[in-house]
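Throughout, a chain's letter reflects where its sequence line sits, starting with A, and its residues are numbered from 1. The structure displayed is predicted, hence computed values, not measured ones.
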Amino acid sequence: MADYNPQEIEAKWQKRWAEARVFETEADPSKPKYYTLEMLPYPSGTMHMGHMRNYAIGDVVARVKRMRGFNVLHPMGWDAFGLPAENAAIKNNTHPRVWTNNNIAEFQRTLRRFGFSYDWRREISTCEPEYYRWNQWFFLRMLEKGLAYRKKSRVNWCPKCCTVLANEQVVNGGHCWRHEDTLVEARDLEQWFLKTTAYADQLVDDLKELEGTWPERVITMQRNWIGRSQGARVKFAVADLRAVPSIEIFTTRIDTIYGATAIILAPTHPLVAKLLEGAPARAESETYLAQMKQSSVKTEDLATAEKVGFFTGRHATNPFNKEKIPIWVGNFVLMEYGTGAIMAVPAHDQRDFEFCRKYGLPVRVVIQPTMGEPLVEDNMTAAFDQHEHGKLVNSGPFDGLAPDEAIVKMTAHAEKKGFGKGEVVYRLRDWGISRQRYWGTPIPVIYCPEHGLQPVPDKDLPVLLPANPIFLVGEQAAAPVDVQTGMAASPLATPEFVNTTCPKCGGPARRETDTMDTFVDSSWYFYRYCDPHNSKAPFDPATVAYWFPIDQYIGGITHAILHLLYSRFWCKVMRDLGLVKHNEPIARLFTQGMVQKGGVAMSKSKGNVVGAIDMAEKYGVDTGRLYTLFAAPPEKDLEWSEESIEGSWRFLNRVFRLVDKHATAIRGAKNWNFDAKNMSDKERDLVRVTYQTMTRVTQDFEKRWHFNSAIAQIMELTNEIYLAEPLENGVRPEIRKEVLQILTLLLAPMTPHIAEEMWEMLGNDDGLWNAPWPVLADQQLELAKDDQVEIPVQVNGKVRTTLKVPAGVTEAEVVAKAKADPAVARHIEGKRIIKVIYVPNKLLNLVVK
RNA sequence: GCGGGAGUGGCGGAACUGGCAGACGCGCAAGACUUAGGAUCUUGUGGCCGAAAGGCCGUGCAGGUUCAAUUCCUGUCUCCCGCACCA
């Protein structure tokens, strides 16, 4: 008799696995492959059960696939570059590398303690030159193809991070994604960009390949983010100013152009200044303009901000009807989208409606609804903006057309006359990757006074980070300031780093001091896992061709846009470089729910974490893994309960005791040969419920990912076995062994340590890791069948009794038996049976009147 | 505003393709074993009426389809998440 001692068991089996190199894999085209991974963590602080849930789910998948005969690649690594390392280093007066590597050591210790089945030989850390040199290599390839470029642009600047943010990193109407209380400022800087827009169409179109295997909401979020819309550019001639011949607007609703009553420009539109030159109320207008420009960035919630604008004093001519309409400037028009100018059609666009009503601009209906009351301009309280149910009016030769038809004809008309053309626009912007921070990949570019921008030659890669950066000291950015820009100088701007020679002429030159956004690191890391130690190339294409695409990727919904969009982009670039053959890197995506405590996600800053190591010490890791899988379905948020976890702990003890009790007696028993003859009823029942559980658990694992109900099934099986105790009365040792072995195998993917221990206790010396997932042979399938079924009997849809009948019973027999049952008889007495519904082996419903 | 998702006992959740609502676990209650139990085992546990047998109600709300609805349809409310003046 032994007690369940998780600490001892867990250490024992982890050692055995390591010795037997159980989780080490090589590409082997003779075997079916399965590549599964969890998103790589950013090593910061200590790991809590929120992290562990993610890895527990991934480990179940990896272990089940391994048991089912797949060659499984299941790696782990570290997203090691990033701002927190730098900030912590400044605060603690240490080096980011030291801080990062300490965290990595801690994370690794925790993951190893949990016994996850990683091939640790493939571990990567993105802050190592062996890794980031390939970021630089890819950057140079993109530079060659014109996919990386530098331009002066208005950028999002976070005053706390002291760096530029990508559009994707600006959240909540203009706040920094890392500092949600900090408003992002606009600054003009020379920046490096990757041309994600070059792949905008593919990024949208290929989402179709992911339908059904990616969560719908992720697909939708990406589609919205890219924001492709078909529309038209139309040129409006400026009527009263020679300096500005025309203004181009963008619209998706050219069919409403006869209803345009104004042109509205974004405050930052380059033509605004020219329009105002010599205009009657110029001084006043410029005051308005200055106000708008200032508030446009600082406004808390742009969407609900009051619409304001002013008349420029100029007019434009509508090319369709030659009407002269006023040119305005409005704060709600975005310079970044379309052409930065719109036509205002107040009758059919809610925003235009609000603006025009406020400033007394006329409203003209050009689409009348096909059903209901016709619109009357003076009575309208909102724009009529649904174009499915309308037809054109007041639109000259286009009257009577349906809007969709009108869009086609009017676009063609504009193209023919040369004042417009159809155009597709995107919300997606190119990816700004420049960061003025230290702890990232240096951008491998040199500036020569003679030869300008020069890429660092491949042979000189990696461009190493300088060992000693210029660091900001203190709370705020007391950074060295660049005299020219007035901005914080890059931490890389040390003489040893910056001063170099031109690759072309050998003369003195300066290095680029920006580093890359860390999302570059995570955009392709999963390729590196396939071939992590390659020093000649980012990876061997043949090896990647074997493993890719990723069969199952698991991570948080927080990465639905950024990481996953960049990864898809990177894949397409690599494909066009001839490195890979597939269009999409990730075949299946699963987004797991958060672990919460007190209704909020577990996090260090909220102070509600349950430490992973604490958990391991108190209950052992198998209990922790089991609980996170059992307490909620994997896609849902899980509320941590210190009380509930006791249930998982008790269950493992219960199973362990059961195996321990019988181990001695059955250890030597040979495996049962499924001979159904001479079985006692007790044996039959036990075997049946075991095989039925096996089938259901397999389905829950493979088809539905219902780990929680899989565990519930296993608990039920355990309860059944307990109810059959004492087993030694009437259950032969080989059948006891069969039942307990299957119970053990079913638990193995979730609680691998205790399962290995029990497997050994049951007399198996070769390690459960060698055992295949149990699959029912024909004789076993036969034994899994019910010979009796319970049929609920309804009268008028209400259950009155349940009949126990032999399986395969005929309808007539069931009906006869039902009628004879007093509980049923009472309800049909004196009534006529008008209908009998019988679902074989399932249910009987008697409809009476 | 647009898009996505969710509403089931005291709690976490289950119910596969329309077929016994509440599996499994937590909590709670009773019993057994015990010097003892915060260990273990067994039993009970949606609400209302009833001594019981049994009956009625019940999956956010209101309707509908069906022999039969947590599941399908229509309307509606609430909550969560994402995007948000994208023309």
Which parts of nucleotides 7-17 of chain B does protein reach within less than 4.0 Å, heavy atoms only, written one letter per nucleotide 5' to 3' as B for base, S for sugar-phosphate only and - for none?
-> -----BSSSS-
Quick one: what's the B/S/- string for nucleotides 40-45 of chain B, heavy-atom cutoff under 4.0 Å, read 5' to 3'?
-> SSSS--
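Scanning for side-chain hydrogen bond (donor to acceptor under 3.5 Å, both in side chains) contacts around T698(A) gives W773(A), with sequence neighbours left out. Applying the salt bridge (Lys or Arg N to Asp or Glu O under 4.0 Å) test to K785(A) and every residue at least two apart in sequence or in another chain returns E782(A). Residues that satisfy the side-chain hydrogen bond (donor to acceptor under 3.5 Å, both in side chains) test with E829(A), not counting sequence neighbours, are absent from this structure. In this structure Y838(A) satisfies the ring pair (Phe, Tyr, Trp, His ring centres under 6.0 Å) test with no other residue, sequence neighbours excluded. In this view, Y4(A) and W649(A), F656(A) satisfy the ring pair (Phe, Tyr, Trp, His ring centres under 6.0 Å) rule, not counting sequence neighbours. Take R568(A) and apply the side-chain hydrogen bond (donor to acceptor under 3.5 Å, both in side chains) test, not counting sequence neighbours, and it matches Q222(A), E584(A). Taking the ring pair (Phe, Tyr, Trp, His ring centres under 6.0 Å) definition, one finds that W705(A) meets it with F590(A), F707(A), sequence neighbours left out. Every residue two or more places apart in sequence or in another chain that forms a side-chain hydrogen bond (donor to acceptor under 3.5 Å, both in side chains) with E646(A) is listed here: Y619(A).
For RNA chain B, the residues of residues 819-831 of chain A within the heavy-atom distance limit of 4.0 Å (strictly under) are R826(A), H827(A), sorted by number.
Nucleic acid contact class of K703(A) (heavy atoms, under 4.0 Å, all strands): none.
Pair assignment for rA14(B): none, as no Watson-Crick or G-U wobble contacts are both less than 3.5 Å.
Salt-bridge formation is not detected for the pair K682(A)/D685(A): no Lys NZ or Arg NE/NH1/NH2 atom is positioned less than 4.0 Å from an Asp or Glu carboxylate oxygen.
Out of rG3(B), rA87(B), rG4(B), the shortest distance to the side chain of R217(A) is found at rG4(B).
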N/O donor-acceptor pairs under 3.5 Å from side chains in residues 249-267 of chain A, not counting sequence neighbours:
from, atom 1, to, atom 2, distance (Å)
T251(A), OG1, R253(A), N, 2.8
R253(A), NE, D255(A), OD1, 3.0
R253(A), NE, D255(A), OD2, 3.4
R253(A), NH2, D255(A), OD2, 2.9
T256(A), OG1, R253(A), O, 2.7
T261(A), OG1, P362(A), O, 2.9

